[in-house]
Amino acid sequence: HGITNSSPRTSQSLLKSFTPSAKAQMQARRSARLSLVGGGVRESTVDFDSPLMDPSKMPKRDNDLVGYLAVDITELSSENPRVEGWHKIVGTNGEAGDLGAVRISVLYTDELVRPLEAYAPLKQVLLSSDAAMLKVLEKAVSAGDRVPLCANLMNVMAADGQLMNFLLTLCRNEIAGCSDANTIFRGNSLASKAIDVFMKAKTIEEGKYLSNALGIAVQSIYDSRLSCEVDPTRVDAADPQREVAQNMKRLLATTYLVWNSVLHSIENVPEELCFLFKNMRLIVYEKFKNMEARQSVIAGFFFLRLICPAILGPQLFGLQLHYPEEATARTLTLVSKTIQNLANGVNFGGKEAYMIPMNEFLDSNKVAMQECLNKVCSCAKPKVAGSMPSCSLPRAYAATHRLLAQNLEAIVENNSENDPTTANLVQTVVALRKSQQQPSARTQQKHSEEETQRMGGTAQGSVLTSGPNDLSAPNLNVPGSAGSASASPSTSPNSRRRDTLQGLLRRKPRDSSLPPPPAPDTAAPQQQQPQQ
């Protein structure tokens, strides 16, 4: 996204701009360089250049690019998957200077993506998952693995038309274990994380609902650059009261602009979200018999987890490319705060006494908010399967298996009631992990080819012409040698990865239609035996 000297950011906000989704939305131009030292990947340098966009819409800033930073990944491994630290910014002229530093957290993941048929046992267990197994996963999965696990499980379920059943089962578990209607979906449960992922997938990644609903309103706030500050302690003017009064009028008009944009877009809310919200509201009402509770749970997701965060940070939801200026950010904060209070049905007062004049807006739009929530929950179809943006299904299974394996001990410990489905899941994950540790025939042959390519000469020809069913390591009868050399792959994972990388860098793509390489000429090496 660029490291700019004209728009300073905190380390937290800067790290958010480096996330893959944010980079994809901003269409940032990236270039990566890999330096091979000693046969292994030693350093990865990623250059973050200025985002590419329409020049007429991009603000003109001199010296936009400050420098680069390099992240050393040699410390990363399966045993030490995460490193975090400060990295100095190197100037464009190659000198460090006094340009500051950025704190970066790097996560290393090692996944073996196998053919889809290899995950058939895992697929069978996941598709037969019940409420009991999901309860165990709710207790066992660590906080950092909840979002990726939910995302990959949803991709797996969507491929077989079970996504909506999966989401509703999570919701039933969450609601059944809640005794207070005011605390439903307030934590970091699997249900809340899964619905967050689903909402963003349907409104940002797959559809354009959020952009159509808020894009024009947010852009107008960015373009105006006018202050809507109504806190007297933040106003720097000769006549603060007069300035606050003018800003209050401006804030009210801006809030109506955003609110009307949301109201006019309700008819375009994705149907799958409407179906999910409709059933969630029914489940809540069956549990608490409270009309207010069933409305608040929908407002908590649609407004407090989607609309208001998108207003507060439009650059994180694909609505803008750049972080807002200070005055613009403050305006977005006040607008988001007002609509959040409207969704919660709470008026301003107490610590935010300067916002009390906005209570008139809240009182006059309470009915409109209830109608808005009702429309969000209206879905004519009796059943919707649910879908997710297209993805690689084998990669989804590989990531799901890795995350389950990382939390396997906790899953076993939390299966106190000996749920058979959970026990079957544990056995399947263990069996799949063992099968991954055993190299296949194709893998062994590839390692043999790579090893013999380094040896060269007659050995290379003998391996390339060996049959595919010969799984044993061939004896390499190199002329002039005292014995034979084994081409079996290294038993060390690090060396095996390094050997594979070296082999891939040296190997050229071969056309399967070409005839096999000719048999080696054994006469020439015998004549040159003294030199060898």
Side-chain angles (χ1 to χ4, degrees), residues 10-24 44 46 71-73 75-87 102-113 122 126 129 133-157 166-167 170-171 173-174 177 183 185-201 204-205 301 304-306 309 313 316-317 388 391-392 395-415 422 425-426 429-430 432-433 436:
T10 61
S11 60
Q12 181 180 4
S13 61
L14 183 57
L15 286 177
K16 289 181 179 179
S17 69
F18 280 20
T19 59
S21 60
K23 289 185 289 185
S44 174
V46 182
V71 179
D72 187 4
I73 62 173
E75 301 177 2
L76 297 175
S77 64
S78 300
E79 294 75 19
N80 184 32
R82 184 185 296 273
V83 294
E84 183 174 346
W86 290 96
H87 302 271
V102 178
R103 188 169 184 85
I104 298 292
S105 177
V106 183
L107 176 65
Y108 170 85
T109 58
D110 187 6
E111 292 176 355
L112 174 61
V113 181
L122 182 61
L126 293 177
S129 60
M133 191 187 84
L134 294 178
K135 286 181 181 178
V136 175
L137 294 180
E138 176 71 45
K139 299 176 182 178
V141 178
S142 62
D145 292 337
R146 288 175 181 264
V147 172
L149 179 62
C150 286
N152 287 286
L153 281 176
M154 290 166 65
N155 288 325
V156 169
M157 297 296 177
F166 172 73
L167 293 175
L170 288 176
C171 292
N173 285 351
E174 174 82 6
T183 61
F185 300 111
R186 298 295 183 180
N188 294 324
S189 63
L190 287 179
S192 60
K193 295 298 184 183
I195 297 175
D196 281 345
V197 172
F198 187 60
M199 286 194 304
K200 292 179 180 179
I204 302 176
E205 299 176 24
F301 273 108
L304 305 187
R305 292 177 179 264
L306 182 65
L316 302 177
F317 288 79
M388 290 288 288
C391 70
S392 173
R395 289 183 65 89
Y397 275 107
T400 301
H401 175 258
R402 173 179 58 84
L403 293 167
L404 291 174
Q406 289 177 183
N407 296 272
L408 196 59
E409 294 183 4
I411 294 174
V412 174
E413 293 176 359
N414 285 275
N415 190 22
T422 306
L425 175 66
V426 173
V429 172
V430 172
L432 187 59
R433 183 168 58 182
Q436 289 181 351

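Worth saying up front: this structure is predicted, and the values here are computed from it rather than measured.
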Rounded to the nearest 0.5 Å, how far does CD1 of Ile411 lie from CD of Gln406? 10.5 Å

Please name the pair of heavy atoms, one in Leu403 and one in Pro148, separated by the smallest distance, quoted to 0.1 Å. CD1-C, 3.7 Å

Who are the side chain to side chain donor-acceptor pair (under 3.5 Å) partners of Asn414, not counting sequence neighbours? none

Indicate yes or no for a side-chain donor-acceptor contact from Asn188 to the backbone of Lys193 under 3.5 Å, with no hydrogens or angles considered. no

Tell me, do Thr422 and Met133 make a side-chain contact under 4.5 Å, heavy atoms counted? yes

Restricting to ring pair (Phe, Tyr, Trp, His ring centres under 6.0 Å), what partner residues turn up for Phe301, sequence neighbours left out? Phe185

Looking only at heavy atoms, the pair that brings Ala191 and Cys171 closest together is CB-N, 4.2 Å

Lys200 with Glu205: basic N within carboxylate O range, under 4.0 Å: no

By side chain to side chain donor-acceptor pair (under 3.5 Å) - contacts of Glu111 (at least two apart): Arg402

Pair listing, salt bridge (Lys or Arg N to Asp or Glu O under 4.0 Å) test, anchored in residues 136-153, at least two apart: Glu138-Arg146

In Å and rounded to the nearest 0.5 Å, what is the OG1 to CG distance from Thr400 to Leu432? 11.0 Å

Measure across Phe317 and Ile204 and return the closest heavy-atom pair with its distance rounded to 0.1 Å. CD2-CD1, 3.5 Å

For the CE atom of Met388 and the CG atom of Asn152, what is their distance to the nearest 0.5 Å? 9.0 Å

Step by step, work out the side chain to side chain contact (heavy atoms under 4.5 Å, CB included) result for Leu425 and Leu122. CA-CA 7 Å; Leu425 175 66; Leu122 182 61; 4.1 Å; yes

How far does CG of Leu137 sit from CG of Asn173, to the nearest 0.5 angstrom? 10.0 Å

For Phe198, all residues meeting ring pair (Phe, Tyr, Trp, His ring centres under 6.0 Å), sequence neighbours excluded: none

Value rounded to 0.5 Å, distance of CD1 in Ile195 from CG in Leu170: 8.0 Å

Distance from Leu126 atom CG to His401 atom NE2, nearest 0.5 Å? 10.5 Å

For Ser192, check side chain to side chain donor-acceptor pair (under 3.5 Å) against everything at least two apart and list the hits. Ser189

